[in-house]
Amino acid sequence: MTLILDPDDPAGWREAPTATSGSRLTEGLNPEQREAVEFRGQALLIVAGAGSGKTRVLTHRIASLIESREAWPSQILAITFTNKAAAEMRERVEALLGEGASGMWISTFHSACVRILRREAEAIGLSSTFTIYDSADQRTILKRIIKELDADTLGFTPANAQVKISKLKNELADVESYARNVNTNDPAEVMFLEIFRQYTRRLRDASALDFDDLISETVYLFRAFPKVASLYQRRFRHILVDEYQDTNHAQYALIRELTQPIPADRVVEMGEHGVNVRALTDASGGIPGASLTVVGDSDQSIYAFRGADIRNIVEFERDFPGAKVVLLEQNYRSTQNILSAANAVISNNFDRKEKKLWTADGDGDKITGYTGYTAHDEAQFVADEIEALHRSGVAYRDIAVFYRTNAQTRALEEIFVRSALPYRVVGGTKFYERAEIKDAMAYLIAVANPLDELALRRILNTPKRGIGPATETAIASFAEQNALTFRQAMRAADGLGLGPKVTAAITGLADLLDEAAAMLVPNAEAIAAGTNEGAAKVSDVLVFLVERSGLIDALRNSRDPQDETRAENVEELVAQTRDFDRENPGATLVDFLTQVSLVAAADELDDASGTVSLMTLHTAKGLEYHAVFLTGLEEGLLPHQMSASEPGGPAEERRLFYVGITRARKRLYLSLAMSRAQFGEVAVAMPSRYLQEIPEGLIDWKQSPGMATSRGGTQPRALNARRPGGAWGTRDRDLERYSVTKSAAPRAEWANRVTGTVRDNGDLTLEAGDRIRHVDFGEGRVTQVTGEGTKRIAHVSFDTAGQKKLLIKIAPIEKL
DNA sequence: GCTAGTAGGTTTTTT
DNA sequence: ACCTACTAGC
């Protein structure tokens with residue numbers, strides 16, 4: 001067990017606190033913001049509407065605590081949602097204080113927990129070099145377990161087992177507590193218990209933790225070892241948590257543990273062990289709990305699927321008696337038109353505290369709306385508008401395009417490439433998910449954590465060494481029979497009775513890994529001093545591994561043309577480790593692996609890049625742009641089909657829309673398509689129900705849903721017209737109840753009401769050879785007809801407009 | 001043990 | 001439409 005040596009212990013501070021007023025730090029703040037910066041007490045909840053300057057408040061609050069000498073930097077723990085937000089917050093605090101801001105912990109929940117767990121690993125029987133398993137790793141393991149247990153017969157899949165395990169861990173349930181509550185008469189529950197048990201055992205045997213473990217194991221650590229907890233309780237006197245509405249139960253419990261007071265008897269004991277406690281004790285001799293500041297907005301809670309519990313913020317005042325609540329409603333980001341749209345949309349969620357964003361900066365431009373015929377048409381609109389914005393002086397990096405699902409990037413990317421628009425997909429980065437990168441990483445992991453059987457099995461026959469599944473199983477059972485680890489069994493491959501070639505391949509790999517591990521040992525003085533001096537750099541070890549293992553040569557010499565790209569990717573990974581070594585002198589291999597494991601999508605954002613950013617609505621949280629495009633605003637996409645069956649689903653989808661709207665500073669564009677391809681099939685899409693919640697006067701439709709379909713069809717379908725029993729013609733049984741009751745009475749005075757009719761060509765039949773006329777594309781000849789029923793598509797070669805695919809049922813066409 | 005071809009599933013969001 | 005994972009044949 002390690003004691004934390006705190007170089008910045010306040011007891012060593014001798015000068016009297018200077019009475020510099022905080023005026024510099026509260027200057028230019030509104031009264032509520034100022035109150036949030038200046039409040040001193042155990043608990044503070046800042047209810048911060050979108051764009052209300054909460055980061056400013058948080059950074060000024062931290063700076064004010066430090067400047068007034070109420071706290072040392074090392075006594076601050078600030079939790080943010082992404083590493084990028086953490087880096088930004090650190091920068092801003094440093095800008096306020098100059099030097100003297102170092103020693104603060106500003107990080108994500110996961111990074112902070114890894115830091116604690118690596119330090120205290122021994123206490124809970126874990127190697128300090130434990131591996132962090134991502135969801136692909138989890139699935140690989142669950143797949144093996146389910147296969148071995150034949151659990152698929154009871155409906156278990158790696159995916160659903162993973163979701164279930166994650167949910168349990170977020171609720172701080174472990175195998176034992178689950179076992180106590182299991183219904184032994186239900187074979188599925190009994191089977192799941194076994195899956196959960198084996199999964200837990202395998203991770204433990206490999207000295208690995210999954211994402212959820214990082215939080216829950218830290219909580220267990222603190223609960224099982226109160227003395228360890230007290231070290232952190234003593235250290236962190238001021239804890240600040242951003243995006244509190246998206247914390248789950250485990251994260252809540254972690255915060256509770258960290259803010260517990262330390263009883264007097266333990267303080268005495270800590271003092272005897274050399275921990276400096278004098279300056280911190282209260283009248284009773286104990287150390288009071290740390291002060292807690294949380295910032296959140298329940299209207300922006302969008303991570304319920306990941307266990308985020310909105311109650312954490314709603315019930316904050318109950319959980320922390322005497323808590324002060326500050327409400328920030330003035331918005332400094334967006335125009336009033338954008339805010340009015342956001343307010344109107346979110347007010348349709350019941351069961352929320354009324355909150356209205358406002359700005360003193362004026363109405364601004366209207367929101368621009370557009371309805372495309374297809375996703376490509378929509379994408380073309382986005383591309384054209386971006387070009388127009390760019391011509392008017394808006395930089396590409398100030399423009400973002402949001403969507404609900406990652407699959408929607410395809411059409412956007414195709415058009416952007418064609419339009420030569422510089423763009424970047426944020427979070428779509430599958431770099432570390434590529435097989436060849438995972439292979440190379442597995443070599444590094446196997447070196448850092450020899451217990452990691454998953455990594456070893458991955459590289460066992462990569463590149464091909466003639467070690468097949470049979471041999472792999474032989475090594476595994478040899479290990480089990482002799483109580484060896486997989487790695488030890490590999491070293492002892494001579495005793496397996498395998499062929500000489502295979503045996504040499506196995507021991508050769510084991511030797512290679514041992515040699516790489518030896519490169520990473522620091523020199524003797526460095527070990528004594530706790531530094532990493534003398535250890536090989538990460539990039540050197542990686543180069544050694546990919547060259548000596550033959551991985552890179554196998555790719556370079558392959559006949560498969562794709563392997564050339566794969567080799568380049570591995571070289572790119574090497575380049576990344578070089579960057580890492582340069583930027584983090586003295587950092588270890590484990591540091592590199594941790595950093596790679598914990599990158600968030602938004603971390604990839606490069607503010608200096610001259611590109612348009614494409615990302616999901618989830619990734620967009622916390623960001624802001626001059627111009628924002630919200631695309632795919634269709635039923636089934638937003639709200640997403642899958643959300644309909646979940647309680648609270650449509651309300652959360654509305655919050656997602658709200659988050660998207662409030663990212664825009666000056667210009668907001670809302671777009672959708674009338675038809676969208678899914679699984680290669682084209683389907684008719686309906687406008688999102690949320691669109692009609694925006695008041696009429698706020699949107700300027702360049703092409704409204706009505707216009708896009710009002711080309712002489714026969715079936716009326718105004719944007720907000722109701723057909724009996726169906727809102728917008730969608731599955732009303734899936735709608736939220738209140739939404740259905742609301743829509744029972746059509747509101748003719750409503751907004752963006754667009755009179756018009758849906759184009760419906762009825763049972764118009766076309767076949768190859770037919771001549772047709774299209775409203776936009778003119779005359780052409782049908783070359784081919786594909787699809788069935790309402791999804792029949794005519795492939796048309798137009799005389800002037802070229803090749804097009806048209807949905808026969810709704811396309812504005814007529815047969816000649 | 002390796003490779004090529006096919007069948008089947010897939011798209012909700014992520015630390 | 002695409003990607004993965006299994007199977008048949010070498």
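None of these values were measured; they are calculated from a predicted model. Proteins come first, then strands; the chains are lettered A, B, ... in the order of their sequence lines, and each starts at number 1.
For the pair A/Lys438 and A/Tyr432, the NZ or CZ position fails the cation-pi test of under 6.0 Å to the six-membered ring centre and within 45 degrees of the ring normal. Figure legend: A/Arg663 and A/Phe402 shown without cation-pi pairing, the cationic atom not lying both under 6.0 angstrom from the six-membered ring centre and within 45 degrees of its axis. Cation-pi contact between A/Arg654 and A/Phe657: absent, since separation from the ring centre below 6.0 Å together with deviation from the ring axis within 45° is not met.
Close to B/dT14, at under 4.0 Å from its OP1 or OP2, lies a side-chain N or O of A/Thr616. Look at A/Asn248 and you won't find any side-chain N or O under 4.0 angstrom from OP1 or OP2 of B/dT15. The side chain of A/Thr471 places an N or O atom within less than 4.0 Å of a non-bridging phosphate oxygen (OP1 or OP2) of B/dG1.
Here the C1' atom of nucleotide C/dC2 and the CD atom of A/Glu413 are 15 Å apart, to the nearest Å. Rounded to an integer number of Å, the gap from A/Lys167 NZ to B/dT15 P is 18 Å. A/Ile165 places its CD1 atom 21 Å from the P atom of B/dT14, with the value rounded to the nearest Å. Atom CG in A/Asp246 sits roughly 17 Å away from atom P in B/dT13 (whole-Å rounding). Look at NE2 on A/His376: it is 12 Å from C1' on C/dA1, rounded to the nearest Å. Following rounding to the nearest Å, A/Asp137 (CG) and B/dT14 (P) show an atom-to-atom distance of 18 Å. Distance A/Arg115 CZ to B/dT15 P: 21 Å, rounded to the nearest Å.
For A/Phe211, counting side-chain heavy atoms from C-beta on, the closest listed nucleotide (B/dT15, B/dG1, B/dT14) is B/dT15. Across C/dC6, B/dG1, B/dT14, the shortest atom-to-atom separation from the side chain of A/Arg306 is found for B/dT14. Looking at the side chain of A/Asn461, the nearest of the listed nucleotides B/dG1, B/dT15, B/dC2 is B/dC2.
Shown are A/Thr409, A/Leu614, A/Leu630; of these, the side-chain contact (heavy atoms from CB on, under 4.5 Å) with A/Val401 is made only by A/Leu614. Just one residue in the list A/Asn248, A/Thr247, A/Asp246 forms a side-chain hydrogen bond (donor to acceptor under 3.5 Å, both in side chains) with A/Asn312, and that residue is A/Thr247. Of the options A/Arg689, A/Arg676, A/His640, a side-chain hydrogen bond (donor to acceptor under 3.5 Å, both in side chains) to A/Glu634 is made by A/Arg676 and by none of the others.
The 5' end of DNA chain B is approached more closely, in terms of each residue's nearest nucleotide, by A/Gly466 than by the other of A/Gly466 and A/Glu652. Residue order along DNA chain B, read from the 5' end via each residue's closest nucleotide, puts A/Arg465 first among A/Arg465 and A/His110.
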Pairing annotation in dot-bracket form, given for DNA chain C with Watson-Crick or G-U pairs under 3.5 Å and | for cross-strand partners:
||||||||||
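By the salt bridge (charged side-chain N to carboxylate O under 4.0 Å, His left out) test, A/Glu472 is found to be paired with A/Arg457, residues two or more places apart in sequence or in another chain being considered.
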Tabulate atom names and distances for all N/O pairs under 3.5 angstrom spanning the protein and nucleotides 3-12 of chain B.
unit_1 : atom_1 : unit_2   : atom_2 : d
B/dT12 : O4'    : A/His640 : NE2    : 3.4
B/dT12 : O2     : A/Arg404 : NH1    : 3.2
B/dT12 : O2     : A/Arg404 : NH2    : 2.1
B/dT12 : O4     : A/Glu646 : OE2    : 2.7

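Judged by distance alone, with hydrogens and angles left aside, the side-chain atoms of A/Ser216 form a donor-acceptor pair with the main-chain N or O of A/Asp212 at under 3.5 Å.
Around the CZ atom of A/Arg311, the shell of radius 6.0 Å holds no more than 12 heavy atoms that belong to other residues, nucleotides or ligands.
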